[in-house]
Colleague: 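Have a look at this one before I ask anything.
Numbers restart at 1 for each chain; the letters A, B, ... are given by sequence-line order, proteins then strands. Quick caveat: nothing in here was measured; it's all calculated off a predicted structure.
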There are 2 protein chains.
Amino acid sequence: MMQQSSERTWQEHLRAKGHRITPQRKLILAAVAQLPHPTPESILQHLRQTEPTLNLSTVYRNLTVLQESGLITHAHIGTGSAVYHLADEHAHLHLNCLNCGRLVSAAASIAADFAREVSAQTGFLIDPTHAAVYGTCADCARELTTPAAR
Amino acid sequence: MMQQSSERTWQEHLRAKGHRITPQRKLILAAVAQLPHPTPESILQHLRQTEPTLNLSTVYRNLTVLQESGLITHAHIGTGSAVYHLADEHAHLHLNCLNCGRLVSAAASIAADFAREVSAQTGFLIDPTHAAVYGTCADCARELTTPAAR
DNA sequence: CTGTGTGCAAACGGTTTGCAAGACT
DNA sequence: AGTCTTGCAAACCGTTTGCACACAG
């Protein structure tokens, strides 16, 4: 009736969903925590240095499992792969520059009013962190308005 | 020195970029105008009824050409294909429900303050219509909060 | 010991590309 | 006539799946 431990270990999260603890899962979770904007591919790359037989499908399967267990979340960034975050630290927006491809982060709180407004007008509850917002980054905007641009 | 015709025809748009006028381009542009949320695949489907030899790569190539010519734009809607719009009528947000997959449209103006805020804080000029925003639609939100949900 | 998880290879959906034949101008 | 565009097939990228073996419980 009372939630006694808000400090569950990652093992407990997995076990709670009936998943087993494997070295691969430990490694993949650690990689998500360490790497900057980890994609399945970059996670594999990173882990193959120490675990040469690790397979890409194992990475995919376990990212799904870790997500179902509430340990991580993902965000869609452009056309390529999704990027993953620890569930706690994903509270930021991704701004994806259509011109140079740069990925800029911004506080999720910027979107709070927007989310409220959308909810008020449509009933839709948005999660602005789930997918990147596209546009033009500050540098490219400057460059594109410069007469010398072309 | 003065722009004398703001009413350029689609042919003029293409010619201005050095592109030729072909029956395929005419058909594809018409399909983008008619179909509800046209994807490359649905455009092909539609046009093959009257033009059985039309090829998917032709659709892709011409969607790119029409876009470069300023006639159409595209938006990323979820994991699948992009959807296309005539350049004039794309001023709406796409809200993509993560639960049921439904696609809800909303006025682009809802995001105006959000865009201003992002610009003020990061210099990034966002185009909120370029990609779907994810979340939970009104129906699913209701359903998920219902005790009987699980 | 049982069944979940792993590695590998092959399939998959969406998109792009090389090439020769065809069509716009 | 010359070049851009088309159709076709094959390559491509990210992701998923079927299978037999391995390992956590």
Side-chain angles (χ1 to χ4, degrees), chain A residues 9-29 31 37-48 50-69 71-72 74-84 96 101 131-132, chain B residues 9-29 31 37-45 47-48 50-69 71-72 74-84 101 131-132:
Chain A
T9 64
W10 61 272
Q11 286 101 331
E12 286 168 339
H13 274 267
L14 286 172
R15 290 228 179 79
K17 294 276 179 172
H19 296 299
R20 296 182 174 172
I21 312 303
T22 70
Q24 290 88 337
R25 285 178 182 161
K26 181 176 179 177
L27 288 168
I28 291 166
L29 183 57
H37 280 294
T39 63
E41 195 60 52
S42 73
I43 292 168
L44 181 72
Q45 225 68 346
H46 177 72
L47 294 179
R48 275 244 168 118
T50 56
E51 200 70 19
T53 70
L54 181 64
N55 195 271
L56 185 53
S57 43
T58 301
V59 175
Y60 273 101
R61 283 192 278 233
N62 284 327
L63 287 172
T64 306
V65 166
L66 292 171
Q67 203 173 295
E68 285 169 3
S69 305
L71 289 163
I72 64 175
H74 71 275
H76 297 291
I77 253 73
T79 314
S81 307
V83 302
Y84 290 80
N96 198 168
Chain B
T9 64
W10 61 273
Q11 286 101 332
E12 286 168 339
H13 274 266
L14 286 171
R15 291 228 177 80
K17 295 275 179 172
H19 297 300
R20 294 181 177 174
I21 313 302
T22 71
Q24 289 88 337
R25 284 177 184 163
K26 182 178 178 177
L27 288 167
I28 291 167
L29 183 57
H37 281 294
T39 63
E41 196 60 49
S42 73
I43 292 168
L44 182 71
Q45 225 68 347
L47 294 178
R48 276 241 169 122
T50 57
E51 200 70 19
T53 69
L54 181 63
N55 195 271
L56 185 54
S57 43
T58 302
V59 175
Y60 272 100
R61 283 191 278 232
N62 284 327
L63 287 172
T64 307
V65 166
L66 292 171
Q67 203 173 293
E68 285 170 2
S69 306
L71 289 163
I72 65 175
H74 71 274
H76 298 290
I77 253 72
T79 313
S81 307
V83 303
Y84 290 80

Colleague: Please tabulate, for side-chain N and O atoms in residues 19-27 of chain A, each donor-acceptor pair with protein atoms closer than 3.5 Å (sequence neighbours left out).
Modeller:
{"unit_1": "T22(A)", "atom_1": "OG1", "unit_2": "R25(A)", "atom_2": "N", "d": "3.1"}
{"unit_1": "R25(A)", "atom_1": "NE", "unit_2": "N62(A)", "atom_2": "OD1", "d": "2.8"}
{"unit_1": "R25(A)", "atom_1": "NH1", "unit_2": "R20(A)", "atom_2": "O", "d": "2.7"}
{"unit_1": "R25(A)", "atom_1": "NH2", "unit_2": "N62(A)", "atom_2": "OD1", "d": "3.4"}

Colleague: How many angstroms lie between CG in N55(A) and CG in L47(A), if you round to the nearest 0.5 Å?
Modeller: 12.5 Å
Colleague: Atom pairs under 3.5 Å, N or O on each side, protein against nucleotides 5-8 of chain D: can you list them with distances?
Modeller:
{"unit_1": "dT5(D)", "atom_1": "OP1", "unit_2": "R20(B)", "atom_2": "N", "d": "3.1"}
{"unit_1": "dT5(D)", "atom_1": "OP1", "unit_2": "R25(B)", "atom_2": "NH1", "d": "2.6"}
{"unit_1": "dT5(D)", "atom_1": "OP1", "unit_2": "R25(B)", "atom_2": "NH2", "d": "3.1"}
{"unit_1": "dT5(D)", "atom_1": "O5'", "unit_2": "R25(B)", "atom_2": "NH2", "d": "3.4"}
{"unit_1": "dT6(D)", "atom_1": "OP1", "unit_2": "T22(B)", "atom_2": "OG1", "d": "2.9"}
{"unit_1": "dT6(D)", "atom_1": "OP1", "unit_2": "N62(B)", "atom_2": "ND2", "d": "3.2"}
{"unit_1": "dT6(D)", "atom_1": "OP2", "unit_2": "N62(B)", "atom_2": "OD1", "d": "3.2"}
{"unit_1": "dT6(D)", "atom_1": "OP2", "unit_2": "N62(B)", "atom_2": "ND2", "d": "3.3"}
{"unit_1": "dT6(D)", "atom_1": "O3'", "unit_2": "Q24(B)", "atom_2": "NE2", "d": "2.9"}
{"unit_1": "dG7(D)", "atom_1": "OP1", "unit_2": "Q24(B)", "atom_2": "NE2", "d": "3.4"}
{"unit_1": "dG7(D)", "atom_1": "OP2", "unit_2": "T58(B)", "atom_2": "OG1", "d": "2.9"}
{"unit_1": "dG7(D)", "atom_1": "N7", "unit_2": "R61(B)", "atom_2": "NH2", "d": "2.8"}
{"unit_1": "dG7(D)", "atom_1": "O6", "unit_2": "R61(B)", "atom_2": "NH1", "d": "3.4"}
{"unit_1": "dG7(D)", "atom_1": "O6", "unit_2": "R61(B)", "atom_2": "NH2", "d": "3.1"}
{"unit_1": "dC8(D)", "atom_1": "OP2", "unit_2": "T53(B)", "atom_2": "O", "d": "3.4"}

Colleague: Calculate the interatomic distance between I21(A) atom CD1 and dG3(C) atom P; express it in whole Å.
Modeller: 20 Å
Colleague: Atom CG of L63(B) and atom P of dT16(C): how far apart are they, to the nearest Å?
Modeller: 10 Å
Colleague: Expressed in angstrom and rounded to an integer, what is the separation of L56(A) atom CG from dG7(C) atom P?
Modeller: 11 Å
Colleague: Within this structure, what is the CG-to-C1' distance between L44(A) and dT15(D), rounded to whole angstrom?
Modeller: 13 Å
Colleague: Atom OH of Y84(B) and atom CG of L66(B): how far apart are they, to the nearest 0.5 Å?
Modeller: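 That separation rounds to 10.0 Å.
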Colleague: In whole angstrom, give the distance that lies between atom CD of E41(B) and atom C1' of dG14(C).
Modeller: 9 Å
Colleague: Could you tell me the separation between the CG atom of L44(A) and the CD atom of E51(A), rounded to the nearest 0.5 Å?
Modeller: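 L44(A) atom CG to E51(A) atom CD measures 11.0 Å (nearest 0.5 Å).
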Colleague: Between atom CZ of R15(B) and atom NE2 of H13(B), what is the distance when rounded to the nearest 0.5 Å?
Modeller: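 Nearest 0.5 Å value for the CZ-NE2 distance: 12.5 Å.
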Colleague: Take atom OH of Y60(A) and atom P of dG7(C), then tell me their distance rounded to the nearest Å.
Modeller: 16 Å
Colleague: What is the distance from NZ of K17(B) to P of dT3(D), rounded to the nearest Å?
Modeller: 23 Å
Colleague: Is there a side-chain contact between R15(B) and the phosphate of dT25(C), meaning an N or O under 4.0 Å from OP1 or OP2?
Modeller: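 Indeed, a polar side-chain atom of R15(B) lies that close.
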Colleague: When rounded to the nearest 0.5 angstrom, what distance separates CZ in R61(A) from OG1 in T58(A)?
Modeller: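 OG1 of T58(A) is found 5.5 Å from CZ of R61(A).
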Colleague: How many whole angstroms separate atom NE2 of H76(A) from atom P of dT15(D)?
Modeller: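 Roughly 9 Å, once rounded to whole Å.
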